[in-house]
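What follows is a short report on a single structure.
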Amino acid sequence: MGGNLFRVATVAAALLGPGVPALADPADTAQKGYVPHFDRIVTELEADAAFRAAFKPADAPCANLDEAAIVAIDKRWRAGDAALIDPMLASPLARHLATIIEASKGRVTEIILMDVKGCNIAVHPKTTDYWQGDEDKWQKTYAAASQAVFEDRTDFDDSTQTWSQQLSRTLFIAGKPVGAITIGFNIAHR
């Protein structure tokens, strides 16, 4: 399947023109050094006091919400509700994520921190949706009780307007799973 996706994406990129890179073969992830870079960022975040404070169970945005309430919040996010979006993007942790992305000089395109239900805790830049709990980035990490890095398929990311390789894994504080992280890497970065 991965080989077919690569071939289809390569043909699509050729048809769409020179501004659209071919999708990376999954083996390219390791060659570009995404996993070590991902691991370094996650380790630094897990050791950060602001990060740990954001994952206090009492502060988790969706801790006491059912799926219907989460979906309602997600609809507000998708509709551009500034009262919901602006505080998250202005939080100290989101500003720290922005600093990490800026320091990567184009390599990292986005960072998403999710709670135990897949709701955004901190993001940079703004994501297209608030609830990641219905996506593989959360389902194949935190929800699956996995400690492995999940490499999603390479795709065009509407949030960052880049061809991106997303890596995700469960987040831990003092050995306890507290949510998940996704980091997007720009596959066109040299």
Side-chain angles (χ1 to χ4, degrees), residues 29-30 32-74 77 84-105 107-153 157 159-160 164-185:
T29 299
K32 291 229 181 211
Y34 298 149
V35 174
H37 197 67
F38 175 84
D39 288 341
R40 183 185 56 75
I41 291 170
V42 173
T43 299
E44 288 174 8
L45 281 171
E46 288 177 331
D48 184 84
F51 166 83
R52 290 192 307 274
F55 282 90
K56 288 181 182 170
D59 296 335
C62 295
N64 298 313
L65 300 179
D66 63 13
E67 187 172 324
I70 294 169
V71 169
I73 295 170
D74 187 62
W77 183 280
L84 176 64
I85 298 167
D86 292 350
M88 183 171 295
L89 295 177
S91 75
L93 187 52
R95 288 194 312 268
H96 181 62
L97 300 180
T99 301
I100 293 169
I101 292 169
E102 288 169 22
S104 79
K105 298 185 182 346
R107 183 177 214 184
V108 175
T109 59
E110 71 179 331
I111 303 175
I112 305 167
L113 301 178
M114 299 156 268
D115 71 3
V116 296
K117 291 192 176 179
C119 296
N120 290 349
I121 292 253
V123 299
H124 189 80
K126 177 188 170 287
T127 54
T128 53
D129 54 351
Y130 173 78
W131 186 43
Q132 314 303 322
D134 60 345
E135 298 178 29
D136 285 347
K137 65 180 60 124
W138 185 81
Q139 292 177 352
K140 293 191 176 186
T141 58
Y142 182 87
S146 174
Q147 294 185 21
V149 173
F150 168 66
E151 296 180 28
D152 209 341
R153 64 188 173 93
D157 183 0
S159 297
T160 63
S164 180
Q165 170 69 61
Q166 290 186 341
L167 301 181
S168 304
R169 86 159 172 80
T170 302
L171 289 168
F172 297 90
I173 295 177
K176 180 182 176 192
V178 295
I181 183 171
T182 295
I183 300 176
F185 293 89

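Distance alone, capped at 3.5 Å, places no donor-acceptor pair between the S91 side chain and the P87 backbone. For D136 (side chain) and Q139 (main-chain N/O), no donor-acceptor pair under 3.5 Å exists by modelled atom type. Not a single donor-acceptor pair under 3.5 Å links the side chain of E151 to the backbone N or O of Q166. For S159 (side chain) and T128 (main-chain N/O), a donor-acceptor pair under 3.5 Å exists by modelled atom type. Checking side-chain atoms of D74 against main-chain N and O of Y130 turns up a donor-acceptor pair under 3.5 Å.
Using the six-membered ring where Trp is involved, Y34 and F185 have ring planes that are parallel, under 30° apart on the 30 and 60° scheme.
Of the inter-residue distances, the one linking I173 atom CD1 with F55 atom CZ reads 6.5 Å to the nearest 0.5 angstrom. To the nearest 0.5 Å, the span separating CD1 on I100 from CG on D48 amounts to 8.0 Å. The distance from atom CG of L171 to atom OG1 of T141, rounded to the nearest 0.5 Å, is 8.0 Å. The CD1 atom of I112 lies 7.5 Å from the OG atom of S168; values are rounded to the nearest 0.5 Å. In this structure, the separation between CD on E44 and CZ on F51 is 12.5 Å, given to the nearest 0.5 Å. Separation of atoms CD1 (I101) and NE2 (H96) is listed at 10.5 Å; rounding is to 0.5 Å.
Considering every non-hydrogen atom in both T182 and M114, the closest pair reads OG1-CE, 3.3 Å. For A63 against D115, the heavy-atom pair with the smallest separation is N-OD2, 4.4 Å. Scanning both residues, I70 and K117, for their nearest heavy atoms gives CD1-CD, 3.9 Å. Across every non-hydrogen atom of A94 and A122, the tightest pair is N-CB, 4.2 Å. Between K140 and S146 the shortest heavy-atom distance is O-CB, 3.7 Å. Of all heavy-atom pairs between W138 and A180, the closest is CD1-CB, 4.1 Å.
Within 6.0 Å of atom NZ in K126, more than 12 heavy atoms from other residues, nucleotides or ligands are found, so the atom counts as buried in its surroundings. At most 12 heavy atoms of other shown residues, nucleotides or ligands fall within 6.0 angstrom of atom CD in E67. Within a 6.0 Å sphere centred on CG of D66, other residues, nucleotides and ligands contribute more than 12 heavy atoms.
With a 4.5 Å cut-off on side-chain heavy atoms, W131 and I73 do not count as touching. Residues C119 and W77 form no side-chain contact, since every pair of their non-hydrogen atoms from C-beta on lies 4.5 Å or further apart. At a threshold of 4.5 Å between non-hydrogen side-chain atoms, the residues T127 and Q132 count as touching. Using a 4.5 Å heavy-atom cutoff, the side chains of L113 and L97 are in contact.
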Q: Output, in order, the C-alpha distance, side-chain angles, deciding distance and verdict of side-chain contact (heavy atoms from CB on, under 4.5 Å) for V149 and D39.
A: CA-CA 9 Å; V149 173; D39 288 341; 4.1 Å; yes
Q) Could you go step by step and tell me if V71 and D134 meet the side-chain contact (heavy atoms from CB on, under 4.5 Å) rule? A) CA-CA 10 Å; V71 169; D134 60 345; over 6 Å; no
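The pair E110-K137 fails the salt-bridge criterion, with no side-chain N (NZ, NE, NH1 or NH2) lying under 4.0 Å from an Asp/Glu carboxylate O.
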